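Proteins come first, then strands; the chains are lettered A, B, ... in the order of their sequence lines, and each starts at number 1. Heavy-atom basis, side chains included; hydrogens, waters and symmetry copies ignored. Just so you know, these numbers come straight off a predicted model, no measurement behind them.
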Amino acid sequence: MKVWFNPSKAIESALSTIATETEGFGLGFEPGVRPADPRFGDYQANGVLGFAKRNKANPRQLAQRLLEAAQASDSFDPALVELSLAGPGFINFKLTSAFIWQWQLAFSKVEDFQSGAKELKHGRKVVIDYPSANTAKQAHIGHLRPMVIGQAIARLLDFCGADLIRDNHIGDWGTNFGTLIMKIKRDQIDLSQLGEDALVTLDQLYKDGSALEVEQPELRDISRNELVLLQNGDASNTALWDQIVEISKVAFEKLFVQMGVEVDITLGESFYRDKVQRIYDELSEIGLAEESDGALVVWHDEVKKFARNNERPFPFNIRKKDGASNYASTDLATVLYRLEAFQAEEIVYLTDARQQDHFQQLFLTTEKWFKAKGYAKPQMSHVYWGTILGADKKPFKTKSGESIKLQELLDEARKRAFDVVTEKNPDLDKAERVEIAESVGIGALKYADLSSNRTQDYVFSWERLLSFEGNTAPYLLYAVARINSIFRKVGVDPEAPIEGASQAETEAELALARKIMGFVTALELTLSDLRPHFLCTYLYELAGAYSSFYNADKVMVDDDAVKARRLLLCARTRTVLMTGLDLLGIKPLERM
RNA sequence: GCACCCGUAGCUCAAUUGGAUAGAGCGCCUGACUACGAAUCAGGAGGUUGGGGGUUCAAGUCCCUCCGGGUGUACCA
């Protein structure tokens with residue numbers, strides 16, 4: 001028997017096979033293998049319980065039979081895995097230290113982990129729609145989560161073998177352009193003369209324009225007309241639009257560099273302007289879309305909240321009554337384009353939780369439409385998140401009630417981190433402290449956003465985020481820095497093979513070695529639901545196991561054999577921590 | 001009105017998607033630097049998982065019902 005990269009999966013599959021040849025088992029049996037409470041073992045199979053219940057059998061006897069069959073098979077070498085029966089019919093699996101040692105030998109470098117992880121997505125064509133910010137607006141705190149969560153998920157998909165396209169689906173074709181152009185023309189603004197803070201000015205012009213529309217509602221018709229002119233290719237409006245988009249892109253690029261956001265293509269809503277007609281035609285042709293109140297809409301009567309006879313009807317509006325396209329039209333055109341141009345097998349959308357209705361309608365519409373036309377429907381998923389709250393549990397704002405600018409947030413994170421580094425490590429020269437503050441500050445900000453379950457709101461607190469205690473980026477970075485420090489002192493390259501090492505012996509060594517293996521499960525779990533906090537929790541536990549080991553067992557000892565086996569644990573921990581941090585978009589440090 | 005989400009220790013969050021005695025951090029209390037970096041570690045106190053009912057061998061997790069909070073409700077994106 002060879003050690004398995006992913007024991008959970010391997011045990012599951014072995015038990016399934018064995019069960020088919022074991023009396024009392026049959027169709028519908030799933031072993032149900034999952035990580036177990038360490039008191040009982042490394043993994044447990046609890047599928048026998050449910051199966052026995054459904055078939056009115058004695059679960060304990062059935063589990064006993066399966067366990068004996070497993071032991072008799074050649075799938076479980078007793079020198080590597082110990083099996084036992086417990087409680088009402090749990091089967092527990094404990095990996096021996098020999099197994100763990102062989103696993104450590106078999107999987108040492110990032111490439112080794114990745115070669116195993118690649119099976120999770122095996123070259124699947126995935127388009128991830130992120131960070132998809134709006135143009136003509138300054139980025140604020142609301143843009144933090146799409147950038148942070150998006151890049152973490154993108155890196156994870158890439159690492160796990162997806163053939164990935166990061167598509168920045170910018171909002172460059174919306175109704176807001178009507179208002180903005182109206183205001184620009186009214187004030188006769190020359191966009192080329194705005195200088196460095198051009199986006200700030202645009203942002204203000206839009207706000208002023210909207211305020212003006214409230215005061216003078218007749219201006220709305222002018223704005224609407226400017227939008228229609230733009231959408232019909234009017235030369236002067238198109239020229240203005242080009243300038244606005246360019247100003248926005250320059251500003252976003254500056255943030256992307258700071259945030260570590262990578263984008264493969266930028267195909268905004270405007271790219272689909274000549275592709276929406278086909279959507280109207282096809283959806284009408286197959287009888288899915290129909291006129292309602294002058295607009296073209298799709299009803300989903302089978303879903304209660306979208307049904308047409310509701311008190312407040314809520315159709316999927318794909319063309320406004322003035323004939324203009326909208327969010328829905330371009331999103332539909334985008335799905336089709338991603339299928340035809342990229343052969344997308346999977347599309348991942350990232351937006352906040354408030355857009356769930358839109359995506360439910362989009363997915364339902366696509367499903368019916370693609371089925372009628374015989375198109376291959378990609379798997380579509382909506383990765384959404386909650387709001388960042390202040391201490392008062394209301395959306396996080398400045399004291400005066402303004403939204404916090406993303407740039408200001410980043411600058412404050414750096415400044416606060418710099419102050420702490422200076423306090424903890426005053427001897428480092430300033431340039432290095434600045435570099436450390438960059439990684440620690442931005443990393444802490446990102447980690448705070450990633451470490452709690454994304455579907456929930458979370459409370460933002462500088463104090464907790466940068467207190468550097470508990471489940472935070474600095475705690476993980478500190479663990480890496482301490483490992484690096486040991487390798488510097490010993491004079492060994494942490495990336496090089498370590499000679500003379502042997503299997504883990506002490507309690508702390510074994511606990512750490514086991515925890516290192518947990519990376520596989522953590523990746524799988526994170527990927528299954530695209531929830532980065534699973535990976536964060538794992539990395540925190542790994543760093544914790546390392547810290548315990550560090551305090552309990554000294555690495556730099558005279559006994560070369562002991563030193564070698566501990567150095568090997570340090571090297572493996574370092575590799576996994578650095579790989580994990582990299583997946584989260586956080587830059588590990590040599591010193592901090 | 002209708003739909004969806006949430007309620008877990010004083011505070012901030014977990015709980016491998018129905019598994020065994022609900023776990024961390026902060027804060028509080030007790031210890032560990034002549035030891036590889038104390039931004040650390042070891043330990044302690046702290047819970048009727050909003051209330052009630054139900055399904056199940058097994059419920060924080062599923063169903064019903066109340067209470068409390070949030071979000072969405074076509075021509076913004």
Visitor: Side chain of A/Gln456 only, please: which of B/A77, B/C13, B/C6 is the nearest?
Guide: B/C6
Visitor: C1' atom, B/A3 versus B/U40: distance in rounded Å?
Guide: 49 Å
Visitor: B/A9 and B/G54: how far apart are their C1' atoms, nearest whole angstrom?
Guide: 28 Å
Visitor: Rounded off to whole Å, could you give me the NZ-to-C1' distance for the A/Lys424 and B/U40 pair?
Guide: 10 Å
Visitor: Find the partner of B/G7: check Watson-Crick (N1-N3 plus N6-O4 or O6-N4) and G-U wobble (N1-O2, O6-N3) distances, both under 3.5 Å, and reply none if neither fits.
Guide: B/C67
Visitor: Do A/Asp553 and A/Arg566 meet the salt-bridge criterion of a basic N to acidic O distance under 4.0 Å?
Guide: yes
Visitor: Are A/Arg39 and A/Asp37 close enough for a salt bridge, meaning some N to O gap below 4.0 Å?
Guide: yes
Visitor: Do the side-chain N or O atoms of A/Thr387 get closer than 4.0 angstrom to the phosphate oxygens (OP1, OP2) of B/G70?
Guide: no
Visitor: Give a yes/no on whether any side-chain N or O of A/Tyr478 is located under 4.0 angstrom from OP1 or OP2 of B/A39.
Guide: yes
Visitor: Does a distance-only test, which skips hydrogens and angles, find a donor-acceptor pair under 3.5 Å between the side chain of A/Asn92 and the base of B/A20?
Guide: yes
Visitor: Check if the side chain of A/Gln44 and the base of B/A20 share a donor-acceptor pair of N or O atoms closer than 3.5 Å.
Guide: yes
Visitor: For B/A39, is there a stacking contact with A/Tyr475, counting only centres under 5.5 Å and planes under 30°?
Guide: no
Visitor: Could you check how far OH of A/Tyr550 sits from P of B/C36, rounded to whole Å?
Guide: 6 Å
Visitor: Closest approach to the side chain of A/Asn453, judged atom by atom: which nucleotide of B/G1, B/A14, B/U17 is it?
Guide: B/A14
Visitor: Is there a side-chain contact (heavy atoms from CB on, under 4.5 Å) between A/Val245 and A/Ser248? Walk through the geometry before answering.
Guide: CA-CA 5 Å; A/Val245 170; A/Ser248 306; 5.6 Å; no
Visitor: With P as the reference atom in both, quote the distance from B/C6 to B/G23 in angstrom, rounded to an integer.
Guide: 22 Å
Visitor: Go ahead and name the base partner of B/U61; Watson-Crick or wobble counts if both distances stay under 3.5 Å, otherwise write none.
Guide: none
Visitor: Could you please name the partner base of B/G1, counting Watson-Crick and G-U wobble pairs only when both distances are under 3.5 Å?
Guide: B/U73
Visitor: Given B/A77, B/A35, B/A15, identify the nucleotide with an atom nearest to the side chain of A/Lys554.
Guide: B/A35
Visitor: Do the side chains of A/Lys587 and A/Glu438 get nearer than 4.5 Å, heavy atoms only?
Guide: no
Visitor: Check every strand shown and say whether A/Arg464 touches a base, only sugar-phosphate, or nothing at a heavy-atom separation below 4.0 Å.
Guide: sugar-phosphate
Visitor: Measuring only the P atom in each nucleotide, how far is B/C26 from B/A39? A whole number of Å is fine.
Guide: 14 Å
Visitor: Whole angstrom is fine here: how far is it from CG in A/Asn471 over to P in B/G25?
Guide: 10 Å
Visitor: Ignoring backbone atoms, establish whether A/Lys304 has a side-chain N or O less than 4.0 Å from OP1 or OP2 of B/A3.
Guide: yes
Visitor: Starting at CD1 of A/Ile388 and ending at P of B/C13, how long is that distance when rounded to a whole Å?
Guide: 12 Å
Visitor: Considering only B/A42, B/A77, B/U40, which nucleotide approaches the side chain of A/Glu469 most closely?
Guide: B/U40
Visitor: Just to confirm, is there a sub-4.0 Å distance from OP1 or OP2 of B/C76 to any side-chain nitrogen or oxygen of A/Thr175?
Guide: yes
Visitor: Rounded to whole angstroms, how far apart are CD on A/Gln355 and C1' on B/C76?
Guide: 10 Å
Visitor: When the C1' atoms of B/G47 and B/A14 are considered, how many whole Å apart are they?
Guide: 15 Å
Visitor: Tell me whether the side-chain N/O atoms of A/Arg39 come closer than 4.0 Å to OP1 or OP2 in B/U21.
Guide: no
Visitor: Which base sits across from B/A39 as a Watson-Crick or G-U pair, both distances under 3.5 Å?
Guide: none
Visitor: Return the pairing partner of B/U55 with a 3.5 Å limit on both distances, Watson-Crick or G-U wobble; otherwise return none.
Guide: none
Visitor: Between B/G1, B/G7, B/G19, spot the one nearest the side chain of A/Glu311, thanks.
Guide: B/G1
Visitor: In this structure, how many angstroms lie between the P atom of B/A38 and the CZ atom of A/Arg482, rounded?
Guide: 6 Å
Visitor: Check this for me, if you would: do A/Arg514 and A/Asp42 make a salt bridge, where the nitrogen-to-carboxylate-oxygen distance has to be below 4.0 angstrom?
Guide: yes
Visitor: Please determine whether a side-chain nitrogen or oxygen atom of A/Lys137 lies at a distance below 4.0 Å from atom OP1 or OP2 of B/A77.
Guide: no
Visitor: CG of A/Asp559 versus C1' of B/C36: gap in Å, rounded?
Guide: 16 Å
Visitor: With side-chain contact (heavy atoms from CB on, under 4.5 Å) as the test, would you mind laying out the steps for A/Leu283 and A/Phe316 before giving the verdict?
Guide: CA-CA 12 Å; A/Leu283 267 61; A/Phe316 194 43; over 6 Å; no
Visitor: Using purine N1 to pyrimidine N3 plus N6-O4 or O6-N4 for Watson-Crick, or N1-O2 and O6-N3 for G-U wobble, each under 3.5 Å, what pairs with B/G27?
Guide: none
Visitor: Using a 4.0 Å heavy-atom cut-off, does A/Ser292 contact any base of the nucleic acid, only the sugar-phosphate backbone, or nothing at all?
Guide: base
Visitor: For the pair made of CZ in A/Phe90 and P in B/G18, what is the distance, rounded to whole Å?
Guide: 15 Å
Visitor: Taking B/G43 as the reference, what is the distance to B/U48 when you measure between their P atoms (whole Å, please)?
Guide: 25 Å
Visitor: Among B/U73, B/G19, B/G37, which nucleotide has an atom closest to any side-chain atom of A/Lys489?
Guide: B/G37
Visitor: Could you give the distance separating B/G70 and B/U17 at their C1' atoms, to the nearest angstrom?
Guide: 23 Å
Visitor: For B/U17, does the O4'-C1'-N9-C4 (purine) or O4'-C1'-N1-C2 (pyrimidine) torsion place it in syn, i.e. within 90° of 0, or in anti?
Guide: syn
Visitor: Which nucleotide in the list B/G72, B/A77, B/A74 gets nearest to the side chain of A/Arg354?
Guide: B/G72
Visitor: Establish whether the base of B/A77 is bridged to the side chain of A/Ser132 by a donor-acceptor pair shorter than 3.5 Å.
Guide: no
Visitor: Among B/A15, B/A77, B/G37, which nucleotide sits nearest the side chain of A/Phe534?
Guide: B/A15
Visitor: Which comes earlier along RNA chain B counting from the 5' end, the contact point of A/Ser547 or that of A/Val555, where each point is its nearest nucleotide?
Guide: A/Val555
Visitor: Report the nucleotide, chosen from B/G37, B/A74, B/U17, that has the shortest atom-to-atom distance to any side-chain atom of A/Phe314.
Guide: B/A74
Visitor: Can you tell if the side chain of A/Ile388 reaches within under 4.5 Å of the side chain of A/Tyr458, non-hydrogen atoms only?
Guide: yes
Visitor: State the syn/anti category of B/C41 according to its glycosidic angle, syn meaning within 90° of 0.
Guide: anti
Visitor: Looking only at heavy atoms, what is the nearest atom pair of A/Ala328 and A/His358, with distance?
Guide: CA-CE1, 4.1 Å
Visitor: Could you tell me how far B/A15 sits from B/U56 if I compare only their P atoms? Round to whole Å.
Guide: 28 Å
Visitor: Please pick, from B/U17, B/G37, B/A39, the nucleotide with the shortest atom-to-atom distance to any side-chain atom of A/Val420.
Guide: B/A39
Visitor: Any side-chain N or O of A/His533 under 4.0 Å from OP1/OP2 of B/A15?
Guide: yes
Visitor: Taking only the side-chain nitrogens and oxygens of A/Ser485, find out if one of them lies under 4.0 Å from OP1 or OP2 of B/G37.
Guide: yes
Visitor: Quick check: on RNA chain B, is the nucleotide nearest A/Arg591 upstream (toward 5') of the one nearest A/Leu227, or the reverse? Name the residue that is more 5'.
Guide: A/Arg591
Visitor: Could you check whether the side chain of A/Asp293 and the base of B/A74 have a donor-acceptor pair of N or O atoms closer than 3.5 Å, going by distance alone?
Guide: yes
Visitor: If you measure from the Lys or Arg side-chain nitrogens to the Asp or Glu carboxylate oxygens, is any gap between A/Glu291 and A/Lys321 under 4.0 Å?
Guide: no
Visitor: Find out whether A/Leu267 and A/Tyr272 are in side-chain contact, i.e. whether some heavy atom of one side chain is under 4.5 Å from a heavy atom of the other.
Guide: yes
